[in-house]
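Only one structure is covered here, and it is reproduced in the block below.
For the numbers below, each heavy atom of this structure counts, side chains included, while hydrogens, waters and symmetry mates do not. Residue numbers count from 1 along this sequence.
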Amino acid sequence: YAIISVLAVLIISYIMGLYLFTSLSIIMSLGTSTAIVLISIPVVYAFKYIKENREKRIVERDKITLMNLFDRYVSPDVAELIWSNKDKIKLSGEKLKATVLFSDIRGFTTISENSDPEDLLKMLNEYFEDMAKIIYENNGNLNKFIGDGLMVLYGVPLSAGSIEQDAYNAISSSIKMLDAVTKLNKKWKNKYKEIKIGVGIHTGELIVGNIGSSKRMEYSALGDTVNLSSRLEGLNKEFDTRIIVSEDTYDIVKDKFNFKYLASKKVKGREKEVNIYTIEQKKEEKNENKS
């Protein structure tokens, strides 16, 4: 359009010059005006090039800043996925189906009372470091730390592909988290107290978005799904288990893991009883051990 416009201006200028000379005997100097118009083309494009490159650098800088921030909450792959689909993400509030994982250190109050505060923080930070790594590797969104507990979202703000895949990732994370705790206890022998964790997992509808005040906000999730996941995590004490999964999650991935039915349990906040399951061992791993 710019080139066509410039050519049109030149043609009109020559036509006007010819008309003035032939009809009115007025000589119009076209050399200077032609030179100005022609020179304007590279000048305008040079200005446009500089402006676009400057805007591109600003966008890249913002992306790097945002990605560095995302990397502290989600895996690099998820961060890149969020950036690529940023126009599809609603931060104002959205209802969707996802999987929520809650984990907690058993008897942490007793551990904290009998530990040196500095050693306790070092232990906790090392534990969180390993847990976060596992969560990120399984496309989880480490939503928040709750004391010694973790709240992790799978499928929020973006799904790893399907509800089934999100649920699978959540359970895979829980198994790897337990393995990591076993390794940490061996590493910490005679240094820190031994720890055990409990995990609760449930899949269902929840509301996600920015929550808070004008002074401080956070992207989080609300709803029965979140509450039930937390309740299931707490039931590990009663059933002497490490992982408890709701029937909703079980129905989605029952062919992928070796589940064991525990009970039909009444939980706080729900009128109906909830069928709950635990995981003995991943089927693939069991077959590998047999072979």
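Once rounded to the nearest 0.5 Å, the distance linking CD1 of I195 with CD1 of I105 reads 4.5 Å. Going from atom CD of E205 over to atom NZ of K95 covers 5.5 Å, rounded to the nearest 0.5 Å. For the atom pair NE2 of H202 and OG1 of T99, the computed distance is 9.0 Å after rounding to the nearest 0.5 Å. Atoms CD and OG1, from E164 and T249 in turn, are 11.5 Å apart once rounded to the nearest 0.5 Å. Atom NZ of K176 and atom CG of D130 lie 13.5 Å apart (nearest 0.5 Å). To the nearest 0.5 Å, atoms CD1 (I244) and OG1 (T278) are separated by 6.5 Å.
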Give the C-alpha distance, both sets of side-chain angles, the deciding distance and a yes or no for side-chain hydrogen bond (donor to acceptor under 3.5 Å, both in side chains) between N138 and S172. CA-CA 7 Å; N138 288 271; S172 293; 4.6 Å; no

Assess the residue pair L262 and Y277 against the criterion (side chain to side chain contact (heavy atoms under 4.5 Å, CB included)); give the C-alpha distance rounded to whole Å, side-chain angles, the decisive distance to 0.1 Å, and a yes or no. CA-CA 5 Å; L262 289 176; Y277 300 78; 5.7 Å; no

Evaluate the criterion side chain to side chain contact (heavy atoms under 4.5 Å, CB included) for residue pair S220 and K144; output intermediate values, then yes/no. CA-CA 8 Å; S220 192; K144 65 180 68 175; 3.3 Å; yes

Stepwise side chain to side chain contact (heavy atoms under 4.5 Å, CB included) check, Y154 with N141: CA-CA 6 Å; Y154 293 83; N141 172 7; over 6 Å; no

Could you go through M151 and I146, starting from their C-alpha distance and side-chain angles, then the distance that decides it, and tell me whether this counts as side chain to side chain contact (heavy atoms under 4.5 Å, CB included)? CA-CA 7 Å; M151 174 180 168; I146 310 171; 4.1 Å; yes

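Side-chain contact between V156 and L206 is present, with heavy atoms from C-beta onward closer than 4.5 Å. At a threshold of 4.5 Å between non-hydrogen side-chain atoms, the residues F259 and I171 count as touching. Side-chain contact between L124 and D148: present, with at least one pair of heavy atoms (C-beta onward) separated by less than 4.5 Å. By the 4.5 Å heavy-atom criterion applied to side chains, V100 and I201 are not counted as neighbours. Residues K193 and N114 have side chains in contact (heavy-atom distance under 4.5 Å, counting atoms from C-beta outward). The shortest distance between side-chain heavy atoms of F257 and V245 does not fall below 4.5 Å. Considering only heavy atoms from C-beta on, M131 stays 4.5 Å or farther from S103 through its side chain.
Taking every heavy atom of both residues into account, T225 and G204 meet most closely at OG1-C, 3.1 Å. The shortest non-hydrogen separation linking L150 to M177 is CD1-CE, 4.3 Å. Minimum heavy-atom separation, A132 to L142: CB-CD2, 3.9 Å.
The pair D224-R270 counts as a salt bridge, with a side-chain nitrogen and a carboxylate oxygen less than 4.0 angstrom apart. Salt bridge status for K265 with E238: present, with a side-chain N to carboxylate O gap under 4.0 Å. Ion pair E194/R106 not flagged as a salt bridge, since none of the NZ, NE, NH1 or NH2 atoms sits closer than 4.0 Å to an Asp/Glu carboxylate oxygen. Ion pairing between E126 and K187 holds under the 4.0 Å rule for side-chain N and carboxylate O.
Looking at D166, its side chain never comes within 3.5 Å of a backbone N or O of G161 through a donor-acceptor pair. The main-chain N or O of S115 is never found under 3.5 Å from a side-chain atom of D119 such that the two would form a donor-acceptor pair. Side-chain atoms of N236 come within 3.5 Å of backbone atoms of E233 as a donor-acceptor pair (strictly under, hydrogens ignored). In terms of modelled atom types and a separation under 3.5 Å, the side chain of S112 and the main chain of T109 share a donor-acceptor contact.
When the side chains of ILVMFWY residues are joined at heavy-atom separations under 4.5 Å, either directly or via intervening members, V226 and L232 end up in two distinct hydrophobic clusters. V253 and I134 end up in the same hydrophobic cluster when Ile, Leu, Val, Met, Phe, Trp and Tyr side chains are linked at under 4.5 Å. At a threshold of 4.5 Å between side-chain heavy atoms, the hydrophobic network of Ile, Leu, Val, Met, Phe, Trp and Tyr places V267 and I276 in one connected group. Two different hydrophobic clusters hold F239 and Y261 under the rule that ILVMFWY side chains link at heavy-atom gaps under 4.5 Å. Linking Ile, Leu, Val, Met, Phe, Trp and Tyr whenever their side-chain heavy atoms come within less than 4.5 Å leaves I197 and L121 in two separate clusters.
Within a 6.0 Å radius of CD in E129, no more than 12 heavy atoms belonging to other residues, nucleotides or ligands are found. No more than 12 heavy atoms of other residues, nucleotides or ligands lie within 6.0 Å of NZ in K186, so this atom counts as exposed by the packing criterion. More than 12 heavy atoms of other shown residues, nucleotides or ligands fall within 6.0 angstrom of atom CZ in F145.
Partner of E52 under the side-chain contact (heavy atoms from CB on, under 4.5 Å) criterion, chosen from K56, K48, R54: K48.
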